[in-house]
Amino acid sequence: MSTDSPSRENIHEMFDTISPTYDRVNRVITLGMDQMWRRKFRKFMPTGKSRLLDLATGTGDQILALVDLVDEAIGLDLAEDMLRIGQEKCRQYGDKVKMVCGSALKVPFEDQCFDVITMSFGIRNVTNPEIAFQEMVRVLKPGSRALILEGAMVKNSWIKPFHLFYLRKILPRLGGLFSGHKSAYNYLNQTIETFPCGQTFCDLMLKNGFKQAECHNYTFGSVRLYVGYT
Ligand SMILES: C[S@@+](CC[C@H](N)C(=O)[O-])C[C@H]1O[C@@H](n2cnc3c(N)ncnc32)[C@H](O)[C@@H]1O
């Protein structure tokens, strides 16, 4: 498959194409900070026995950052090659971690069966985020939460031009250099610039069934962690 101008409909095919280098490129383009951001979820995790669903799990890094806090974790993604890598990385946890091929827009699980849902750098890639929110609310138990991590534009007007320069000029080149697919990383930065963030994002969560939503900013707001309560 060509990675030129990927649309959200076939975005998982683009991720399959870049799967062999996905983790390495993530470390490079975030200067290793992606793993630190993933660990930010820890303080919002439920205590006690819990079952986690990680939507758009990709190669499973979000599960690996939380697996010691849960009894069971399921990763869901449409990209089979990404999932295969994730499965291999989680092999040491045996039956505690499962990888399932499926869509965040039609979650293949019954109502109210998860204690927590996570989704890192995934919501921006689905064709309809509002349906993803509705699916989260459907499969979460009442009184539980979804934790959604996503890239955004920084707020500070002094830093913003540097951030834009990085997103438009540096990130696609670095991504292209390390993955061989520059257009994939062009697409990724364009979606950061245009995707709803902050209160707009929280309002969308509320409109689609969450009872409460909050936003936590990291690294000048270039990454946001949204917590939605059911
Ligand atoms: C940027 S990657 C994030 C992977 C992983 N969560 C991480 O933090 O590295 C986005 C992932 O979203 C997946 N994806 C896109 N649309 C999806 C959908 N409708 N349902 C499930 N996964 C989807 C892609 O296949 C890809 O693996």
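Atoms within each ligand, like the ligands themselves, are counted from 1 in listed order.
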Novice: Could you check whether the rings of Tyr226 and Phe201 sit parallel, tilted or perpendicular, using 30° and 60° as the cut-offs?
Specialist: parallel
Novice: Which residue, Asp61, Leu66, Ile63, forms the side-chain contact (heavy atoms from CB on, under 4.5 Å) with Asp54?
Specialist: Ile63
Novice: Taking all atoms of both residues into account, what is the closest heavy-atom pair of Gly175 and Ile29, and its distance?
Specialist: N-CG2, 4.2 Å
Novice: At a 4.0 Å threshold, what atoms of ligand 1 neighbour a non-hydrogen atom of Met82?
Specialist: 27 (O)
Novice: Ser120 heavy atoms, cut-off 4.0 Å: which ligand 1 atoms fall inside?
Specialist: 3 (C), 5 (C), 6 (N), 7 (C), 8 (O)
Novice: Which pair of non-hydrogen atoms, one from Pro196 and one from Leu204, has the smallest distance, and what is that distance?
Specialist: CG-CD1, 4.3 Å
Novice: Tell me whether the count of non-hydrogen atoms from other residues, nucleotides or ligands lying under 6.0 Å of CD in Gln35 goes above 12.
Specialist: yes
Novice: So if I count the atoms of ligand 1 from 1 in the order they appear, which ones are less than 4.0 Å from some heavy atom of Ala104?
Specialist: 18 (C), 19 (N), 20 (N), 21 (C)
Novice: As a check for students: among Gly102, Ala56, Gly58, Pro129, identify the option with a heavy atom nearest to atom 23 (C) of ligand 1.
Specialist: Ala56
Novice: Between Tyr185 and Leu171, which heavy-atom pair has the shortest distance, and what is it?
Specialist: O-CD2, 3.6 Å
Novice: Using a 4.0 Å heavy-atom cut-off, say whether Ile11 meets ligand 1 through its side chain, its backbone, both or neither.
Specialist: side chain
Novice: Answer yes or no: is there an ion pair linking Lys96 with Asp71, defined by an N-O contact shorter than 4.0 Å?
Specialist: no
Novice: For atom 18 (C) of ligand 1, which of the options Leu78, Thr59, Ile18 provides the nearest non-hydrogen atom?
Specialist: Leu78
Novice: Just heavy atoms, cut-off under 4.0 Å: does Thr57 contact ligand 1 by side chain, backbone, both, or neither?
Specialist: backbone
Novice: Answer with side chain, backbone, both or neither: which part of Phe121 has a heavy atom less than 4.0 angstrom from an atom of ligand 1?
Specialist: both
Novice: Using a plain distance cutoff, I'd like to know if Asp61 has any nitrogen or oxygen under 3.5 Å from a nitrogen or oxygen of ligand 1.
Specialist: no
Novice: For atom 27 (O) of ligand 1, tell me which residue out of Leu55, Asp23, Asn125, Asp77 has the closest non-hydrogen atom.
Specialist: Asp77
Novice: I'd like to check which ligand 1 atoms, numbered from 1 as shown, lie under 4.0 Å from a non-hydrogen atom of His12.
Specialist: 25 (O)
Novice: Between the main-chain N or O of Ser144 and the side-chain N or O of Thr230, is there a donor-acceptor pair closer than 3.5 Å?
Specialist: yes
Novice: Record the part of Arg38 in heavy-atom contact with ligand 1 below 4.0 Å; permitted values are side chain, backbone, both and neither.
Specialist: side chain
Novice: For ligand 1, which atoms sit closer than 4.0 Å to a heavy atom of Ala79?
Specialist: 25 (O)
Novice: Answer yes when Asp34 and Arg39 have at least one side-chain N-carboxylate O distance shorter than 4.0 Å, and no when they do not.
Specialist: no
